[in-house]
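Keep in mind the model is a prediction, meaning the values are calculated, not measured. Scope of the values below: all heavy atoms of this structure, side chains included, with no hydrogens, waters or symmetry mates. For reference, positions follow the sequence shown, starting with 1.
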Amino acid sequence: MSKVKCMCAVIDRPKHRQMHDLLKRNGIEYTYATLALGTAGSELLDYLGIGESDKLLMFCFLPKTKEQKILAQFAAEIHIRKPGHGIVFTMPLASMNYRFQQRVCHTEEDAQEVPMEKCKREYELIAAIVDHGYKDAVMDAARAADATGGTVLHARSYHDESRAHLLGFKVQKEKDVVIILSRRDSARQIMKAINEACGFDSEANGIVFSLPVDHFMGM
């Protein structure tokens, strides 16, 4: 079992320095970030035409021994528990490169054996990858199934175009990636709604999958 967790945070872009300093202070060296677009669930924001906001998706790898400590610091310093201040969550890793794990767990305390967690996972991270321009269709379907909001990333497909045409379908390189954090008991209905509206056989040419989430904080 890996002794390392992947921690992800979706925050307002101006807060990136504050988050970076928090992680650096805790000796977390491997941090990555990408620009993202937040989709607000508020009808008022949609009415005002500001239902989308500039976000930053940051993710890092940290020892399990520091997980709870860093989450507590997020709550105290970035006020992540307050509505509108972003979300932060951790995900388990099935396996990883051993040398990289050694670099992440660079102290004896971090490298110690961690017992198997017995906590019940209550959340899942839903990811939908669709052709560019279909993010709104994904979010409309998700909201109809009681999702509250999501985060949009821009991506590029590296499919072999000649193979794609040979198989009888056209691959669009520009993609929208929509990630939605959901309670586990609602995840299946949200995924079903997205798949029906934007699945692989639709014009959106989408795929939908989910990942387990260990701990979650924020709105």
For this session: Would you check if N26 and Q73 make a side-chain contact, meaning some heavy-atom pair closer than 4.5 Å?
Result: yes
Seminar exercise, completed: Output for pair (I28 CD1, H20 NE2), nearest 0.5 Å, gives 11.5 Å
Distance-only donor-acceptor pairs under 3.5 Å for side chains of residues 192-202, two or more places apart:
residue : atom : partner : partner atom : Å
S202    : OG   : G199    : N            : 3.2
S202    : OG   : G199    : O            : 2.7
S202    : OG   : A204    : N            : 3.2

Exercise. Is the shortest heavy-atom distance from the side chain of I78 to the side chain of Q18 under 4.5 Å?
Worked result: yes
Exercise. What's the spacing between C105 SG and L62 CG if we round to 0.5 Å?
Worked result: 9.0 Å
Exercise. What pairs with R183 under salt bridge (Lys or Arg N to Asp or Glu O under 4.0 Å), at least two apart in sequence or on another chain?
Worked result: E122
Problem set entry | Within 6.0 angstrom of R103 CZ, more than 12 heavy atoms from elsewhere | no
Exercise. Once you round to the nearest 0.5 Å, how far does CZ of F89 lie from CG of L211?
Worked result: 8.5 Å
Problem set entry | Stepwise side-chain contact (heavy atoms from CB on, under 4.5 Å) test for I180 and V178 | CA-CA 7 Å; I180 300 168; V178 183; 4.1 Å; yes
For this session: Please examine the side chains of T34 and M58, heavy atoms only from C-beta on, and report whether any two atoms are closer than 4.5 Å.
Result: no
For this session: Say whether, by atom type as modelled, one donor and one acceptor occur between the side chain of E124 and the main chain of S210 under 3.5 angstrom.
Result: no
For this session: Evaluate the criterion ring-ring contact (aromatic ring centres under 6.0 Å, His included) for residue pair F59 and Y32; output intermediate values, then yes/no.
Result: CA-CA 5 Å; F59 66 97; Y32 308 88; 5.4 Å; yes
For this session: Supply the atom-to-atom distance H132 NE2 to H154 NE2, rounded to the nearest 0.5 angstrom.
Result: 5.5 Å
Exercise. Given side chains that start at C-beta, do those of N205 and V130 come closer than 4.5 Å, heavy atoms only?
Worked result: no
Exercise. Would you call E77-K15 a salt bridge at under 4.0 Å N-O?
Worked result: no
For this session: Could you tell me which non-hydrogen atom of D176 sits nearest to which non-hydrogen atom of G133, and how far apart they are?
Result: OD2-N, 2.9 Å
Seminar exercise, completed: Sequence neighbours excluded, the answer for side-chain hydrogen bond (donor to acceptor under 3.5 Å, both in side chains) partners of T31 is none
For this session: Answer whether the closest heavy-atom distance between the side chains of F61 and L93 falls below 4.5 Å.
Result: yes
For this session: Heavy atoms only: give me the nearest A142-I190 pair and the separation to one decimal.
Result: CB-CG2, 4.0 Å
Exercise. Would you call the rings of F216 and Y123 parallel, tilted or perpendicular, where under 30° means parallel and over 60° means perpendicular?
Worked result: tilted
For this session: Give, for atom CG of L37 and atom CG of D54, the distance between the pair rounded to the nearest 0.5 Å.
Result: 6.5 Å
Exercise. Do L57 and L153 touch side chain to side chain, with heavy atoms closer than 4.5 Å?
Worked result: yes
Problem set entry | Closest contact, heavy atoms only, R13 versus K55 | NE-O, 2.8 Å
Problem set entry | Heavy-atom closest contact (M19 atom, A9 atom, distance) | CE-CB, 3.5 Å
Problem set entry | Shortest non-hydrogen contact from P92 toward K5 | CA-CD, 4.0 Å
Exercise. Any side-chain heavy atom of M191 within less than 4.5 Å of one from S182?
Worked result: no
For this session: Could you give me the CA-CA distance, side-chain angles and deciding distance for D214 and R121, then say whether side-chain contact (heavy atoms from CB on, under 4.5 Å) is met?
Result: CA-CA 6 Å; D214 281 342; R121 292 189 175 115; 2.3 Å; yes
For this session: Kindly indicate, with the supporting measurements, whether the criterion side-chain contact (heavy atoms from CB on, under 4.5 Å) is fulfilled by V177 and V152.
Result: CA-CA 6 Å; V177 181; V152 180; over 6 Å; no
Problem set entry | Pairwise side-chain contact, M7 with F74, heavy-atom cut-off 4.5 Å (strictly under) | yes
Exercise. Shortest non-hydrogen contact from M139 to G150?
Worked result: CE-N, 3.7 Å
Exercise. Say you draw a straight line from NZ of K24 to CG of L22; how long is it, rounded to the nearest 0.5 Å?
Worked result: 13.0 Å
For this session: Say whether E67 and T90, considering side chains only, have a donor N or O and an acceptor N or O under 3.5 Å apart.
Result: yes
